**Q** 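A single structure is presented below for examination.
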Amino acid sequence: MVTGLKPTGRLTIGNYLGAVRPTLDLAADPAHETLVFVADLHAMTVDHDPQALRERTREVAATVLACGLHPRATLFAQSAVGAHTELAYLLECTAAYGEMTRMIQFKEKSAGHRSVRLSLLTYPALMAADVLLYRADAVPVGDDQRQHMELTRSLAQRFNARYGPVFVVPESLTPASAARVRDLRDPASKMGKSSVSTEGTVHVLDDPVRIAATVRRAVTDLDPVLSYDPDLRPGVANLAELLGSLTGRTPQAALVGLRGGGGLKAAVTEALVETLRPVRARYGDLTADPATLDAALATGAQRAAALAAPTLAAARTAIGLAG
Ligand code: AMP
């Protein structure tokens with residue numbers, strides 16, 4: 001099982017519910033080999049600041065540990081394992097230009113820009129490499145990664161059919177609820193860590209005062225009788241999904257007993273504060289002790305490299321490289 005998080009900003013509650021929490025559950029189960037990487041290479045497909053990239057890579061890694069990642073899991077920075085970029089090139093030689101230009105995220109992120117980095121077009125091949133290197137069967141991702149995961153599956157199947165059975169064709173593991181947490185101020189948009197405005201974003205490391213302020217500003221409506229209707233009441237539905245996911249219930253069940261937008265916001269705030277309180281505390285401990293994070297990342301990179309090496313070697317041989 002493998003999953004990655006881009007260090008383009010602080011982790012949001014969307015990252016937590018969509019990808020991190022499902023990963024924690026799998027990592028705690030000894031039947032799974034779990035790899036979590038900070039996708040620093042994916043953070044360079046748009047304009048970036050080198051110093052900020054370095055700092056955020058460590059921050060995201062520390063946040064994942066603070067969320068409670070089991071020590072058995074392998075945590076590493078993607079760029080520390082060279083096999084990712086090496087396999088990505090072999091997969092670029094498997095992919096077609098047309099299918100890359102059809103990626104929704106490429107279209108969205110390139111629209112209106114006169115100059116975009118070539119890596120914005122090619123990074124889905126790197127993402128396929130991230131997953132295929134470890135012969136992962138399961139990839140916990142939010143809904144926004146559905147199309148990239150389909151591409152990963154196609155590339156694996158195409159490579160296997162053309163050159164021999166090297167890759168495992170992976171399945172996405174998308175949570176039933178909160179697979180797409182929306183911006184609290186703009187429920188039509190995904191909550192993103194690099195969104196221009198952070199007014200509608202709850203970050204995993206936010207303190208209770210900030211959480212309460214962000215939730216208070218959430219868009220709801222004036223109907224005191226709450227109901228779950230994503231089309232007609234998107235703001236209420238988003239909060240209901242958030243509350244349901246945080247408290248282990250369906251969105252409909254989470255609304256039972258609550259009255260009006262105010263009642264719903266109070267319940268959401270309480271659930272967020274309770275869920276995130278221990279994470280903030282552990283994060284504080286980890287930042288006070290940078291050597292622990294360094295050691296975890298170094299051990300993780302070594303282990304990931306060892307796991308990746310046989311797949312890369314098999315792919316190189318299959319595709320016809322002699323060296
Ligand atoms: P990224 O922020 O693009 O690095 O995404 C890291 C992981 O979090 C991926 O699995 C995404 O699918 C997931 N994710 C990002 N934003 C959200 C969101 N708003 N709701 C649910 N999952 C999300």
Side-chain angles (χ1 to χ4, degrees), residues 1-27 34-46 48 53 56-57 59-61 63-64 67 69 75 77-79 103-106 108-109 119-120 123-124 126-128 130-131 136 138-152 170-205 214 218 230 234-235 237-246 251 272 275:
M1 195 286 305
V2 62
T3 200
L5 299 142
K6 281 201 303 283
T8 44
R10 288 175 301 147
L11 290 191
T12 70
I13 194 69
N15 298 131
Y16 179 79
L17 295 174
V20 176
R21 199 180 57 179
T23 304
L24 302 179
D25 295 344
L26 288 172
T34 306
L35 294 110
V36 183
F37 63 92
V38 183
D40 48 0
L41 299 171
H42 289 294
M44 304 196 310
T45 57
V46 291
H48 78 284
L53 175 60
R56 284 181 181 152
T57 299
E59 184 186 279
V60 168
T63 311
V64 172
C67 286
L69 185 69
L75 176 69
Q78 179 190 28
S79 64
M103 292 293 121
I104 294 163
Q105 299 215 2
F106 173 69
E108 281 177 0
K109 290 182 183 166
S119 53
L120 189 64
Y123 83 88
L126 176 59
M127 184 173 155
D130 299 336
V131 170
V139 185
V141 280
D143 194 49
D144 58 340
Q145 295 303 325
R146 210 177 275 274
Q147 195 190 23
H148 289 154
M149 282 304 300
E150 269 316 307
L151 177 76
T152 299
E171 298 286 342
S172 312
L173 214 67
T174 309
S177 183
R180 178 176 286 260
V181 176
R182 290 158 200 282
D183 189 289
L184 299 191
R185 293 288 289 168
D186 172 17
S189 309
K190 180 185 84 162
M191 186 187 284
K193 57 175 126 62
S194 39
S195 303
V196 183
S197 161
T198 56
E199 279 211 336
T201 305
V202 175
H203 294 100
V204 169
L205 298 175
T214 307
N238 189 31
L239 289 176
E241 285 171 22
L242 206 51
L243 182 58
S245 180
L246 288 164
L272 283 169
T275 304

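If you read the sequence from its start, that first residue is 1, and numbering goes on from there. One-based numbering, in listed order, for ligands and for the atoms of each. All figures in this text were calculated on a predicted structure; none of them were measured in a lab.
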**Q** Between V202 and T12, does the side chain to side chain contact (heavy atoms under 4.5 Å, CB included) criterion hold? Intermediate values first, please.
**A** CA-CA 6 Å; V202 175; T12 70; over 6 Å; no
**Q** Could you tell me which non-hydrogen atom of G200 sits nearest to which non-hydrogen atom of M191, and how far apart they are?
**A** O-CE, 3.4 Å
**Q** Of all heavy-atom pairs between G235 and P187, which one has the smallest distance, and what is that distance?
**A**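 Taking G235 first and P187 second, the nearest heavy atoms are CA-CG, 3.7 Å.
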**Q** Apply side chain to side chain contact (heavy atoms under 4.5 Å, CB included) to residues N15 and V60 and explain how you reach the verdict.
**A** CA-CA 11 Å; N15 298 131; V60 168; over 6 Å; no
**Q** So which pairs with a foot in residues 183-194 pass salt bridge (charged side-chain N to carboxylate O under 4.0 Å, His left out), sequence neighbours left out?
**A**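 For residues 183-194, and leaving out neighbouring residues, the salt bridge (charged side-chain N to carboxylate O under 4.0 Å, His left out) pairs sorted by first residue read D144-K190, R185-E199.
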**Q** Quick one, list the residues around ligand 1 where some non-hydrogen atom comes in under 4.0 Å, by chain and residue number.
**A** G4, L5, K6, G14, N15, G18, A19, V141, G142, D144, Q145, A178, A179, R180, V181, K190, M191, K193
**Q** Can you tell me how far CG of L75 sits from OG1 of T34, rounded to the nearest 0.5 angstrom?
**A** 11.5 Å
